[in-house]
Amino acid sequence: MKVTDKRESIELCTESGWQAYDLVLDGEMDRDTILRLGHLGDLTYLEMLRQPFYRIEQNYYMIKGLQGADRLRVAMLGGHEAILERVQEVIEGKQPSRSD
C-alpha cells in the first residue's frame, strides 16, 4: 500500500501547539497494517465494532482512523513532524526509522 497524498487536516488544533494531517492511501487500511502501526505507540484497536476503529498514542503524536478507510489522521506536537515519514514507511512496508 502507498500514501498518495498528504493534506493538512480541516480540524485544526494549532492553537494548542498541535498540527494534524490526513494521509490518503491507494487502498483500504487493513488489520495487518494497523497492527504494524501499533508499534509506534500505545495501540487502541476496537476490532469488534462494525467499522473497526484504531488509535495509536504517544506523548508527542496520535494516529487514528478506521479499518477499511482509505485515509488516516496523524496529529503531532510542533517539532515532531518526522512521525509523518515514519507512518508512511510503516504503511508502505519499509523499515521505520529510529524513534525519537
Side-chain angles (χ1 to χ4, degrees):
M1 185 167 8
K2 298 267 187 214
V3 174
T4 60
D5 196 12
K6 176 179 74 172
R7 303 174 184 163
E8 196 165 348
S9 175
I10 58 171
E11 295 180 24
L12 298 177
C13 36
T14 53
E15 66 277 353
S16 62
W18 284 71
Q19 299 172 306
Y21 292 88
D22 293 326
L23 301 182
V24 180
L25 311 172
D26 69 351
E28 295 181 352
M29 181 60 75
D30 59 34
R31 182 180 192 278
D32 290 339
T33 306
I34 293 167
L35 295 177
R36 283 198 323 268
L37 283 171
H39 294 288
L40 296 175
D42 296 324
L43 173 64
T44 300
Y45 182 31
L46 302 177
E47 191 173 12
M48 76 295 283
L49 298 176
R50 187 178 332 173
Q51 178 87 49
F53 169 82
Y54 62 93
R55 180 176 57 228
I56 298 129
E57 295 179 282
Q58 201 264 2
N59 289 338
Y60 305 107
Y61 57 82
M62 177 176 52
I63 304 160
K64 65 180 182 175
L66 299 171
Q67 181 176 315
D70 67 348
R71 64 193 63 230
L72 66 148
R73 178 159 299 142
V74 181
M76 78 284 308
L77 189 60
H80 295 274
E81 292 79 6
I83 188 59
L84 291 170
E85 281 183 38
R86 290 178 35 219
V87 168
Q88 185 169 345
E89 289 171 346
V90 171
I91 289 171
E92 296 180 356
K94 300 174 186 172
Q95 183 68 16
S97 56
R98 227 175 117 171
S99 57
D100 299 334

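Between atom CD of residue Gln88 and atom CD1 of residue Ile83 there is a gap of 12.0 Å, rounded to the nearest 0.5 Å. Here Thr44 contributes atom OG1 and Met62 contributes atom CE; the two are 10.5 Å apart, rounded to the nearest 0.5 Å. How far CD of Gln58 is from CE of Met76: 11.5 Å, rounded to the nearest 0.5 Å. Taken from CZ in Arg73 to CD1 in Ile63, the straight-line distance is 13.0 Å, to the nearest 0.5 Å. One finds the CD atom of Gln19 at 11.0 Å from the NE2 atom of His80 (value rounded to the nearest 0.5 Å). For the atom pair CD1 (Ile56) and CG (Leu40), the distance works out to 6.5 Å, reported to the nearest 0.5 Å.
Met48 and Tyr45 fall into different hydrophobic clusters, where Ile, Leu, Val, Met, Phe, Trp and Tyr are joined by side-chain heavy atoms under 4.5 Å apart, directly or via other members. Linking ILVMFWY side-chain heavy atoms closer than 4.5 Å, directly or via other members, places Leu66 and Leu72 in two distinct hydrophobic clusters. With hydrophobic clusters built from ILVMFWY side chains whose heavy atoms lie under 4.5 angstrom apart, Tyr54 shares a cluster with Leu35.
Contact check for Thr4 versus Asp70: no side-chain heavy atoms found under the 4.5 Å cut-off. In this structure the side chain of Met29 reaches within 4.5 angstrom of the side chain of Leu37, judged on heavy atoms.
For the pair Thr33 (side chain) and Ile91 (backbone), a donor-acceptor distance under 3.5 Å is absent. Under the 3.5 Å distance criterion, the side-chain polar atoms of Arg71 are left unmatched by any main-chain donor or acceptor of Asp22. Not a single donor-acceptor pair under 3.5 Å links the side chain of Glu92 to the backbone N or O of Met1.
Nearest approach of Tyr61 to Arg86, heavy atoms of both residues: OH-NH2, 3.5 Å.
Of the options Asp26, Leu84, Leu25, Val87, a side chain to side chain contact (heavy atoms under 4.5 Å, CB included) to Val3 is made by Leu25 and by none of the others.
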